[in-house]
Amino acid sequence: MGRHEWYSGARRWRLTALLGVGAVALALVATLIGTLSGNGVSTRGTTRDGDKVYGTPGTPPADTGPDVGWGFTHTQYSADEGSGTATARVEGLLSGTDLPQDQAIMGWGAGNPEPVKGRYDFEEMDRRIDFVRKSGGTPVITLCCAPDWMKGGRAGVGATDWSQASLETAPTPDHYKDFAALAATVAKRYPDVRHFVVWNEFKGFWNDSKGRWDYEGYTTLYNLVYKALKQVDDKIMVGGPYLVMDSVDPRQQQDASTALRGPWGAMDQRVLDAFSYWNQHKAGADFVVVDGSSYTKDDDLLPNEFAATDKLTAVGAWVRKQTHDLPLWWAEYYVEPADGNDNRDGWTEDRRVAVQATGMIALVKGGASSGFYWNPEEQKGTDCPGCLWTPTDTAGGGRALPMYDLVSRFGKEFPPGTRYRTVQTAPDDVPNVRVLATDKVVLVVNTLDRAISAQVDGKRFDMKAYEVKWLSR
């Protein structure tokens, strides 16, 4: 979904900005005179033993299952860097929560893991895994993206093209096996990671000549990666296809599904076709992964931002039916349209949290058991709309924000295997609130921009505008 801050590690980019033109030139010279492979490509700082176990891995549960629950994804900037006081504060927040934390192998804060074939650099990935371990999270790895030499680009340290177009290019078919080998290397390096997602949003898998997704190519890659990971350890859990479940205006006819539609819009039939092909031809899957938004491809929230989340329920139910109830993950889910710079900062935080809570309720009602909030942490400052915590660049950073309270509490109260209950809501409150309940707790969301008095589960209580309230049972 959009750019998602896909650049390499934050440290590397901050350093380059500070160096200046002259120092950058010196750095380039140093790279040129660094260690070279036989074909004159720099291998400076890389090693051959990428599959050597890194650090002190945790011990995964003996009964590791395909579900991980509700957590978040690390993006370009995260709490693995910054002030020691601030990063420790975030570690303290997360300690004991077991929140799953997802990290991509290249981009979104991680550098090129294999700049030259057989030569590895996991420095930034190691740092992210260290953070997940120290904060007690359940580690998840997304196997995206691919080193340049796997997709027609240049090999070598310092040669990586970090442009969006380059990063979002898929490996060429003759390098699918190389990517699968890289996936196996990653799995061996981090043996405490038991859950892997294959690729991201079908990036690079679009067939221009046919005007549809190259689902044959993706599925071939997926199957090779699936088999490679299972050869490393048959207990590893693997899932895909991580398709963006795009929808269009309900009045649109071209590419619009006639079967999966509602007031929120109509699903793009080309996405459903791609999913169906993968589902039919996959070598196997322990869980199924999708990605999407409540709004249409034209950023329309139909009929409004809260009712639009019904799409997430409908899509989830469709996916579960197609896969015969494989555990369903949402790798990303969005309820607020982005601007041209992929920023989502047009709402108040109360409104943002309320719609987000409604979206998460919709995901659960569609059968999802796991999901990852895309944490849009900023590099610096205190204003961070939608972030889980304040930026960690200063000692005062790393403090919990309202979205963290929601995501962490949701993960605690509604873990995989939760049995949900139906509770009574007063008829006049039904249009205004969203509710999710278990035997112990009820989550209630006020969808109105005004205060109300609501009656849920036999209790009468006041709610502020856009309030998210937790009730004990």
Side-chain angles (χ1 to χ4, degrees), residues 50-51 64-68 102 104-106 113-114 117-118 140-147 149-152 167-191 193-207 210 212-245 270-291 318-332 370:
D51 59 355
T64 298
D67 299 297
V68 292
D102 181 30
I105 62 170
M106 180 176 173
E114 193 177 2
K117 185 173 182 178
V140 175
I141 288 179
T142 293
L143 295 166
C144 184
C145 292
W149 59 269
M150 293 187 190
K151 52 197 181 189
L167 195 73
E168 296 188 352
T169 297
T172 55
D174 56 318
H175 286 296
Y176 286 174
K177 289 183 179 179
D178 290 319
F179 187 80
L182 173 59
T185 297
V186 171
K188 292 174 183 177
R189 187 173 185 83
Y190 311 116
V193 179
R194 292 297 181 90
H195 297 85
F196 290 84
V197 179
V198 182
W199 207 241
N200 173 304
E201 297 185 333
F202 265 48
K203 285 179 168 61
F205 286 100
W206 178 259
N207 188 316
K210 296 183 178 180
R212 64 165 175 80
W213 292 107
D214 175 18
Y215 40 73
E216 299 95 340
Y218 170 80
T219 304
T220 299
L221 175 69
Y222 173 90
N223 287 342
L224 288 168
V225 172
Y226 176 88
K227 293 173 183 177
L229 292 174
K230 292 294 185 178
Q231 287 176 359
V232 172
D233 187 341
D234 61 6
K235 293 187 175 74
I236 287 176
M237 301 286 156
V238 187
Y242 203 153
L243 265 167
V244 183
M245 306 304 282
R270 296 169 298 181
V271 174
L272 303 185
D273 292 343
F275 185 93
S276 296
Y277 182 92
W278 170 83
N279 189 42
Q280 182 179 353
H281 295 90
K282 66 184 183 297
D286 299 293
F287 54 91
V288 60
V289 187
V290 295
D291 163 5
W318 182 86
V319 169
R320 292 269 288 171
K321 182 177 180 181
Q322 305 308 306
T323 61
H324 304 291
D325 290 336
L326 269 180
L328 171 59
W329 293 21
W330 284 79
E332 304 172 43
S370 302

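What you see below is based on every heavy atom in this structure, not just the backbone, and it leaves out hydrogens, waters and symmetry mates.
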Minimal heavy-atom distance between Asn207 and Lys210, with the atoms involved, is OD1-N, 3.0 Å
Could you tell me whether the side chain of Lys321 and the main chain of Trp318 form a donor-acceptor pair under 3.5 Å?
no
For a 4.5 angstrom cut-off between non-hydrogen side-chain atoms, does Glu332 reach Asn200?
yes
Could you tell me whether the side chain of Asp51 and the main chain of Lys188 form a donor-acceptor pair under 3.5 Å?
no
With the side chain counted from C-beta on, respond yes when Phe179 and Val225 share a heavy-atom pair under 4.5 Å apart, and no when they do not.
yes
The reported gap from NZ in Lys151 to OG1 in Thr172 (rounded to nearest 0.5 angstrom) is 10.5 Å
At their closest point, which heavy atom of Phe287 faces which heavy atom of Val197, and how far apart are they?
CE1-CG2, 4.2 Å
Is the Tyr277-His281 ring centre distance short of 6.0 angstrom?
yes
Calculate, to the nearest 0.5 Å, the distance between atoms CG and CE belonging to Leu182 and Met106 respectively.
10.0 Å
Heavy atoms, side chains only, cut-off 4.5 Å: are Val288 and Pro241 in contact?
yes
Is there a side-chain contact between Asp102 and Trp329 in this structure, where contact means two heavy atoms from C-beta onward sitting under 4.5 Å apart?
no
Closest contact, heavy atoms only, Trp199 versus Pro171:
CH2-CD, 3.7 Å
Atom pair NZ/NZ of Lys235 and Lys230 - distance to nearest 0.5 Å:
10.5 Å
side-chain contact (heavy atoms from CB on, under 4.5 Å) between His195 and Thr64: does it pass, once the steps are laid out?
CA-CA 9 Å; His195 297 85; Thr64 298; 3.6 Å; yes
With side-chain contact (heavy atoms from CB on, under 4.5 Å) as the criterion, how do Ile105 and Ile141 come out once you've worked through the C-alpha distance, each side chain's angles and the decisive distance to 0.1 Å?
CA-CA 7 Å; Ile105 62 170; Ile141 288 179; 3.5 Å; yes
State yes or no: are the ring centers of Trp278 and Tyr222 separated by less than 6.0 Å?
yes
Rounded to the nearest 0.5 Å, what separates atom CH2 in Trp213 from atom CG in Asp273?
12.5 Å
First locate atom NE2 of His175, then atom CG of Leu221, and finally report the distance between them rounded to the nearest 0.5 Å.
12.5 Å
Can you give me the closest heavy-atom contact between Ala274 and Phe202, atom names plus distance?
CB-CE2, 4.2 Å
I'd like to know if the side chain of Arg320 and the backbone of Leu326 have a donor-acceptor N/O pair within less than 3.5 Å.
yes
Heavy-atom pair with the smallest gap, counting every atom of Pro66 and Asp286:
CB-O, 3.2 Å
Considering only heavy atoms from C-beta outward, does the side chain of Trp330 approach that of Val290 to under 4.5 Å?
yes
Distance, nearest 0.5 Å, that separates CZ of Phe275 from CD of Gln322:
7.0 Å
4.5 Å side-chain heavy-atom contact, Arg270 and Leu272:
no
Does atom NZ of Lys177 have more than 12 heavy-atom neighbours, drawn from other residues, nucleotides or ligands, at distances under 6.0 Å?
no
What one should report as the nearest heavy-atom pair of Met150 and Asp178 is CE-O, 3.6 Å
Please work out whether the ring planes of Phe205 and Tyr176 are parallel, tilted or perpendicular, with thresholds of 30° and 60°.
tilted
Show your working on side-chain hydrogen bond (donor to acceptor under 3.5 Å, both in side chains) between Tyr242 and Asp291 and close with a plain yes or no.
CA-CA 6 Å; Tyr242 203 153; Asp291 163 5; 4.7 Å; no
Mind running side-chain contact (heavy atoms from CB on, under 4.5 Å) on Tyr215 and Leu243 for me, showing each step along the way?
CA-CA 10 Å; Tyr215 40 73; Leu243 265 167; over 6 Å; no
side-chain contact (heavy atoms from CB on, under 4.5 Å) between Met245 and Val319, worked out
CA-CA 10 Å; Met245 306 304 282; Val319 169; 4.2 Å; yes
Is there a donor-acceptor contact under 3.5 Å from the side chain of Arg194 to the main chain of Met237?
no
Glu114 side chain to Gly118 main-chain N or O, any donor-acceptor pair under 3.5 Å?
yes
